[in-house]
Amino acid sequence: MPGLMSLLDAVLAPIFDDLVPGASPALRPSQRADFQADGALQVARALGRAPREVAQEILSRAMERGLEQMCDRAEVAGPGFINLRLSAGMLAGRLARLRPGAEGLGAPVQRRRLKVVVDYGGPNAAKQMHVGHLRSSIIGDALVRALRAVGHDVVRENHIGDWGANFGMLVEHLCDLGEDRGAEELAMGDLETFYQAARAQYETDASFAERARARVVLLQSGDPATLRLWRLLVDASVAHFDRDFQRLGVELTREDVVGESFYNPMLEDVVTELAAAGLLVDSDGARCVFPPGHTNREGAPLPLIVQNSAGGFTYAATDLAAIKDRTQRIGADLIVYVVGLPQTEHFKMVFAVARMAGWLGPSSEAVHVGFGNVLGPDGKMFRTRQGGTVKLSELLQEAEDRARALMIARTEQTGQPLDGDMARTAAAVGIGAIKYADLSTDRTRDYRFDWDRMLSFDGNTAPYIQYAHARVCSIFRRAGTAADLTAMAGRALPPEEDEERELAKTVLCFGDALQSSVESYGPHKLCAYLFELASGFTRFYEKCRVLDVAPAELRASRLALCAATGEVLAYGLGLLGIEAPERM
RNA sequence: GCCCCCGUAGCUCAGCGGAUAGAGCGGCCGCCUUCUAAGCGGAAGGUCGCAGGUUCGAACCCUGCCGGGGGCGCCA
């Protein structure tokens with residue numbers, strides 16, 4: 001049950017490929033028709049023939065191969081474009097085949113099921129999560145859901161910072177507080193306070209600093225008592241993360257935590273293997289690999305340092321160990337790193353070294369899915385009014401509060417009490433707004449965090465799309481029937497009104513949108529699609545009556561279209577990790 | 001100094017080789033006897049940073065420049 005565009009592509013592509021191997025129809029939505037294929041111009045150039053003539057030949061062959069049954073208008077236009085308008089009967093036929101769930105709605109299920117590991121940059125243990133961690137969890141979560149929807153086998157790994165020198169001072173601070181009181185503070189209070197206290201002590205108290213350094217040595221040498229305290233700290237952090245992640249509505253849980261400490265025992269082997277492969281170079285006492293093509297500010301080769309001159313392993317070593325573990329033990333075909341853009345060069349180097357070492361090979365690859373910063377409404381780094389970092393938990397609370405306030409304002413304005421679960425809806429709308437604002441623009445750009453805009457019910461926002469879905473649900477509540485797509489899909493008649501036709505078309509393009517979203521690791525493409533679908537539905541809703549229309553067949557047909565729309569809206573929002581309340 | 005990203009309507013952003021550059025917001029004009037007006041329609045608004053080049057065709061590719069952000073050996 002592919003999307004309309006891939007359906008057309010399936011007919012056209014073989015003809016293009018036959019004329020010029022590798023040539024593509026270059027299909028895209030068109031203002032003059034439903035779709036247009038621009039590829040004939042390329043083919044004509046390669047063949048040295050007249051473009052319109054080539055386009056006509058392609059079109060004729062396509063018509064014989066099934067295009068005729070799909071289109072009620074198919075013509076060559078302009079310099080050699082092929083314009084295609086689908087027949088209403090064809091649209092009805094496709095609607096009839098819609099079923100709930102990924103494949104039934106048109107998700108392009110991949111021919112090869114890949115084992116995909118998604119690495120979320122991960123917060124540091126013993127520190128509070130803040131807006132900086134928002135993006136990797138939100139984007140990562142959306143990618144995981146989309147990759148799974150198209151049939152991949154996805155493993156989440158939350159690569160938290162749970163190891164390193166910081167833990168010396170943290171463990172000592174825990175000792176000073178006393179284990180019981182410390183544990184209580186960690187569980188109840190926020191981690192930031194604990195971390196700051198330890199940090200302050202470390203900076204002002206020389207003897208404490210000395211103990212902290214000694215503690216690091218104990219930790220690294222595997223001292224059981226120290227490890228137990230370390231574990232306490234990490235567990236407390238993970239418990240906090242769990243709470244935030246759950247509230248944010250991302251799938252990450254403690255089960256997905258694979259922190260730096262996990263790779264610790266493998267680092268020695270990583271370095272040994274790099275040495276054995278002849279890749280390791282000693283430079284000023286540090287052990288490095290020099291992947292070609294990277295230079296430092298003096299123009300000299302830039303090293304990837306895996307072990308510093310003090311003998312400590314760096315995060316490059318950890319990243320390499322993680323790649324090795326994922327491809328060799330887990331059997332990953334693809335590793336996706338959802339980490340900020342500033343690390344671009346680091347990952348390029350790590351991937352290059354992993355390939356040199358053979359940990360990434362012909363059958364496995366890694367991609368860095370980078371993202372920009374979160375900026376405040378003023379265009380500068382997002383901060384509290386006091387200039388501190390914004391805590392995630394407080395941000396989420398504010399989102400829910402603001403959403404609730406908007407809902408209350410509305411009920412006062414209309415005089416209609418909200419009959420649903422106010423708290424739950426407020427959470428769905430508030431959290432959804434945050435996530436959608438993050439996901440709806442190209443992830444590689446910085447994005448501006450603006451409460452009023454993201455919570456607006458107008459424009460490309462989560463509330464607007466959720467509202468369209470709620471209206472669908474409202475229709476079915478009044479109709480007194482369930483929005484059962486399986487039962488209703490077959491009742492769709494060939495659409496007659498423009499708004500019906502456009503809506504039907506958009507519903508049937510879900511698979512195309514998901515496809516391009518997954519291919520580019522770009523959730524914003526799915527967002528753009530859902531916005532188009534929601535606005536298409538709203539236009540339909542304004543123009544076409546559903547419940548009080550005659551004859552009964554038309555009513556049933558429109559209900560079927562509503563059911564399909566509601567299903568795709570809810571499913572699509574679900575892929576973004578956003579809830580679709582039935583009432584708003 | 002070198003490398004990467006960004007510069008599209010007043011604002012926030014899509015588009016990234018194809019036919020007159022698209023949305024949303026804001027401003028202006030309309031639309032609630034009717035399934036949630038938290039909505040819809042309309043008109044206005046752009047030398048796609050600048051200058052060259054490649055191409056039948058460039059916002060999109062190449063070169064240079066200007067402006068903004070980031071990175072560039074022992075933190076992660």
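Residue numbers begin at 1 in each chain, while the letters A, B, ... track the order of the sequences. Model, not experiment: these values are computed from the prediction.
Distance from the side chain of A:D284 is smallest for B:C74 among the nucleotides B:C74, B:C35, B:C72. Nearest nucleotide to the side chain of A:H524, out of B:G73, B:A38, B:A14: B:A14. For A:L41, counting side-chain heavy atoms from C-beta on, the closest listed nucleotide (B:U36, B:G70, B:G18) is B:G18. Closest to the side chain of A:Y464, from the set B:G39, B:A19, B:U36, is B:G39. In the set B:G39, B:A76, B:U20, the nucleotide with an atom closest to the side chain of A:F457 is B:G39. Comparing B:A23, B:U36, B:G73 by their nearest atom to the side chain of A:F531 picks out B:A23. Checked against B:C13, B:A38, B:U36, the side chain of A:A470 finds its nearest nucleotide in B:U36. Of the candidates B:A76, B:C74, B:U34, B:U34 carries the atom nearest the A:D548 side chain, counting heavy atoms from C-beta on. When distances run from any side-chain atom of A:M407 to the nucleotides B:A14, B:A38, B:C35, the shortest one goes to B:A38. Taking the side chain of A:R45 as heavy atoms from C-beta on, and the options B:A38, B:C40, B:G57, the nearest nucleotide is B:G57.
Here the CZ-CD distance, from A:R491 to A:E553, works out to 10.5 Å after rounding to the nearest 0.5 Å.
Counting atom types as modelled, A:N166 pairs no side-chain N or O with a base atom of B:A76 as donor and acceptor under 3.5 Å. In the interface, the side chain of A:R410 is paired with the base of B:U36 through a donor and an acceptor atom under 3.5 Å apart.
Residue contacts shown for A:T538 are limited to sugar-phosphate atoms, with no base heavy atom under 4.0 Å away. Among the heavy atoms of the strands lying under 4.0 Å from A:Q42 is at least one base atom, whether or not backbone atoms are also near. Nucleic acid contact class of A:T314 (heavy atoms, under 4.0 Å, all strands): sugar-phosphate only. Residue contacts shown for A:P463 are absent, as no nucleic acid heavy atom lies under 4.0 Å away. Looking at heavy-atom distances under 4.0 Å, A:A77 makes contact with a base.
Salt-bridge formation is detected for the pair A:R404/A:D401: a Lys NZ or Arg NE/NH1/NH2 atom is positioned less than 4.0 Å from an Asp or Glu carboxylate oxygen. Ion pairing of A:R478 with A:D548 is absent here, as no side-chain N (NZ or NE/NH1/NH2) approaches a carboxylate O to less than 4.0 Å. Classification of A:E345 and A:K348 as a salt-bridged pair fails, no side-chain N sitting under 4.0 Å from a carboxylate O. Ion pairing between A:K543 and A:E497 holds under the 4.0 Å rule for side-chain N and carboxylate O. A salt bridge links A:R424 with A:E579: the closest approach of a Lys/Arg side-chain nitrogen to an acidic carboxylate oxygen falls below 4.0 angstrom.
Rounding to whole angstrom units, CG of residue A:D498 and P of B:G41 are separated by 13 Å. Taking atom NE2 of residue A:H346 and atom P of nucleotide B:G71, one finds them 15 Å apart after rounding to whole Å. One can place CZ of A:R52 at 12 Å from C1' of B:A19, the figure rounded to the nearest angstrom. Rounded to whole Å, atom C1' of B:U36 lies 9 Å from atom CZ of A:R477. For the pair A:R28 CZ and B:C16 P, the computed distance is 10 Å after rounding to whole Å. Between A:Q36 atom CD and B:U20 atom P there is a gap of 11 Å when expressed in whole angstrom units. Atom OH of A:Y447 and atom C1' of B:A14 are 17 Å apart (whole Å). What separates CZ of A:R453 from C1' of B:G26 is a distance of 12 Å, to the nearest Å.
Nucleotide B:G64 forms a Watson-Crick or G-U wobble pair with B:C50, both donor-acceptor distances falling under 3.5 Å. When Watson-Crick and G-U wobble pairs are counted only if both distances are under 3.5 Å, B:A37 pairs with no nucleotide at all. Look at B:G17: it lacks any Watson-Crick or wobble partner with both distances under 3.5 angstrom. When both distances must be under 3.5 Å, the Watson-Crick or G-U wobble mate of B:G1 is B:C72. Judged by Watson-Crick or G-U wobble contacts below 3.5 Å, the nucleotide B:A9 has no partner. Base pairing of B:G27 is not made with any nucleotide, judged by Watson-Crick or G-U wobble geometry with both donor-acceptor distances under 3.5 Å.
Aromatic rings of A:H159 and A:Y337 (six-membered ring for Trp) have centroids beyond the 6.0 Å cut-off, not under it.
Projected onto RNA chain B by closest heavy-atom contact, A:R545 and A:P79 fall at different nucleotides, the more 5' of which corresponds to A:P79. The 5' end of RNA chain B is approached more closely, in terms of each residue's nearest nucleotide, by A:L341 than by the other of A:L341 and A:D446.
A distance of about 42 Å separates the C1' atoms of B:A76 and B:A58, rounded to the whole Å. As rounded to the nearest Å, B:G49 and B:C32 have C1' atoms that lie 46 Å from one another. Distance check on atom C1': B:C61 versus B:G1 gives 27 Å, rounded to whole Å. Comparing the P positions of B:C48 and B:C35 gives an interatomic distance of 47 Å, to the nearest angstrom. Look at the P atom in both B:C16 and B:A23: the space between them is 16 Å, to the nearest Å. Taking atom P in both B:A43 and B:A38, the straight-line distance is 25 Å, to the nearest Å. Using atom P as the reference point in both B:G26 and B:C11, the two lie 16 Å apart (nearest Å). B:A21 and B:A9 have their C1' atoms separated by 11 Å, given to the nearest Å.
Among A:V546, A:T565, A:T506, the one residue that satisfies the side-chain contact (heavy atoms from CB on, under 4.5 Å) test with A:F540 is A:V546.
Ring geometry for A:F537 against A:Y541 counts as tilted: the plane angle lies between 30° and 60°, on a 0 to 90° scale.
In this structure, the side chain of A:E260 does not engage the main chain of A:G164 through any donor-acceptor pair within 3.5 Å. Not one N or O on the side chain of A:D162 forms a donor-acceptor pair closer than 3.5 Å with the backbone of A:A125.
Proximity of residues 434-444 of chain A to RNA chain B (heavy atom under 4.0 angstrom from any strand atom) is restricted to A:T441, A:D442.
Against the 90° criterion about 0, the sugar-base torsion of B:C66 places it in the anti range.
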